[in-house]
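Worksheet: one structure, shown below.
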Amino acid sequence: MIQLKNIQYTYPEGTKGLEDVSLTIESGSKVAFLGENGAGKSSLFLVINGIHKPQKGEFILDEARFKFTNKERKQMARKIGYVFQDPDVQLFAASVYEDIAFGPFNLGLNKKEIDARVEKNLNLLGIQDLKDKAPHQLSYGQKKQVAVAGVLAMEPEIILFDEPFAWLDNRHKQIMNDIIDDLNQQGKTVLISTHNPDFAFEWADKVVLMKEGRIIAADSPEKTMCNKTLMQEIGMELPLVVQLAEKMGIDSYSRSIKALLQEV
Ligand SMILES: Nc1ncnc2c1ncn2[C@@H]1O[C@H](COP(=O)(O)OP(=O)(O)O)[C@@H](O)[C@H]1O
Ligand SMILES: [Mg+2]
């Protein structure tokens, strides 16, 4: 379980990233983060990942207070995986193979185990053909796929996806969807920041609405995303299924248009 208590994070040059952020995330849950650009989603992920040390507040991971020491950060890397919004920040090795192998290598696995993890995740993402390419030869979407494979190869318990669907074509969006479902089925905790209200509404157990570095609501999809005032505050439309049910004049609990169509 992750607990954040009154977290404040200010960037070195003075910009407020997070202000008085408190949040509990249960193990195995699916949490979506919504908010306009600059709302603080990535800043929050960087705190949860142990990279940004908050100036105020507490971060409690599995009952223990996380102190952001280098030793703790190293242990954290085994537990929490972070897929950055921008894959160019994440990829650094000379080839896709080396990039994905880097994490497992650092876990101290032997060559055979490393190769097995690389193969498994190349297959999972459907990117076997990219194995020997250099990252700079890849499209942005392909880089994102490789970044995801690299994080999954570490087999973390908690995975943070910063805008995972950005730049992916439809086929790879579907693959990413399946991967995320599969991770949850394995009991992992998955946090996703997204600009897609329909995805968040259908997928999440808990939705966190952020604005100007603060959390303005954290609750079920229904309690957050059906609230027009809250959604307006974060500059987002209501999920299409909610708009449609309203237009049709029905009280619906459907989380997707597909489910709504089956209901009526
Ligand atoms: N590296 C940085 N240096 C200074 N300010 C930053 C940096 N990254 C983000 N910020 C600022 O922190 C605030 C929150 O940004 P961010 O967490 O990136 O939001 P989001 O991911 O929701 O778009 C914004 O005001 C942004 O300009
Ligand atoms: Mg961001």
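Remember, predicted model here, so these are calculated numbers, not experimental data. Order of appearance sets the numbers: ligands from 1, and atoms from 1 within every ligand.
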Ligand-residue contact atoms, ligand 1 with Thr15, heavy atoms, under 4.0 Å
5 (N), 11 (C), 25 (O)
Residues pairing under side-chain hydrogen bond (donor to acceptor under 3.5 Å, both in side chains) where one sits in residues 12-25, two or more places apart or in two chains, turn out to be Asn6-Asp20, Glu13-Thr15, Lys16-Glu19
Any non-hydrogen atom of Gly35 lying under 4.0 Å from ligand 1?
no
Could an N or O of ligand 1 be found under 3.5 Å from any N or O of Ser42, whether backbone or side chain?
yes
Between ligand 1 and Ala39, is the shortest N or O to N or O distance under 3.5 Å?
yes
If you link I, L, V, M, F, W and Y whenever their side-chain heavy atoms are under 4.5 Å apart, who else ends up in the same group as Leu260?
Leu34, Phe201, Val207, Leu209, Ile216, Met225, Leu230, Met231, Ile234, Met236, Leu238, Leu240, Val241, Val242, Leu244, Met248, Ile250, Ile257, Leu261, Val264
Measure from the side-chain N and O atoms of Ser29 to the backbone N and O of Ile25, and report whether any donor-acceptor pair falls under 3.5 Å.
no
Got the closest protein heavy atom to atom 4 (C) of ligand 1, with its distance?
Glu13 OE2, 3.2 Å
Atom 19 (O) of ligand 1 - nearest protein heavy atom and its distance:
Gly40 N, 3.1 Å
How far is atom 24 (C) of ligand 1 from its nearest protein heavy atom, and which residue and atom name does that atom have?
Gly38 O, 3.6 Å
Below 2.8 Å, which protein N, O or S atoms neighbour the Mg ion (ligand 2), ignoring water?
Ser42 OG, Gln85 OE1
Going by ring-ring contact (aromatic ring centres under 6.0 Å, His included), name the residues that satisfy it together with Phe102, two or more places apart in sequence or in a different chain.
Phe92
Salt bridge flag under 4.0 Å for residues Lys41 and Asp162:
no
Backbone or side-chain N or O of Asn37 under 3.5 Å from ligand 1 N or O
no
Lys173 and Asp169 ion-paired at < 4.0 Å
no
Salt bridge check: are Lys211 and Glu233 linked by an N-O gap of less than 4.0 Å?
yes
Nitrogen or oxygen of Gly17 less than 3.5 angstrom from that of ligand 1:
no
Under 4.0 Å between a side-chain nitrogen and a carboxylate oxygen: does that hold for Glu72 and Lys53?
no
Nearest heavy-atom approach of Ala101 to Ile114 is CB-CG2, 3.6 Å
Option of least heavy-atom distance to atom 16 (P) of ligand 1 (set: Ser193, Ser43, Pro12):
Ser43
For the pair Tyr9 and His52, name the ring-plane relationship: parallel under 30°, tilted 30 to 60°, perpendicular over 60°.
parallel
Who's closest to atom 22 (O) of ligand 1 heavy-atom-wise, of Lys41, His52, Lys16, Glu163?
Lys41
Determine, using heavy atoms of Glu36 and all atoms of ligand 1, whether some pair is separated by less than 4.0 Å.
yes
Between Gln55 (side chain only) and Thr10 (backbone N and O only), is there a donor and an acceptor less than 3.5 Å apart?
yes
Return yes when Met210 approaches ligand 1 closer than 4.0 angstrom through a heavy atom, no otherwise.
no
Check whether any side-chain heavy atom of Leu152 sits under 4.5 Å from a side-chain heavy atom of Leu183, and report yes or no.
yes
Tell me the protein heavy atom at minimum distance from atom 10 (N) of ligand 1, and give that distance in Å.
Tyr11 CE1, 3.4 Å
Salt bridge Glu155-Arg117, side-chain N to carboxylate O under 4.0 Å:
yes
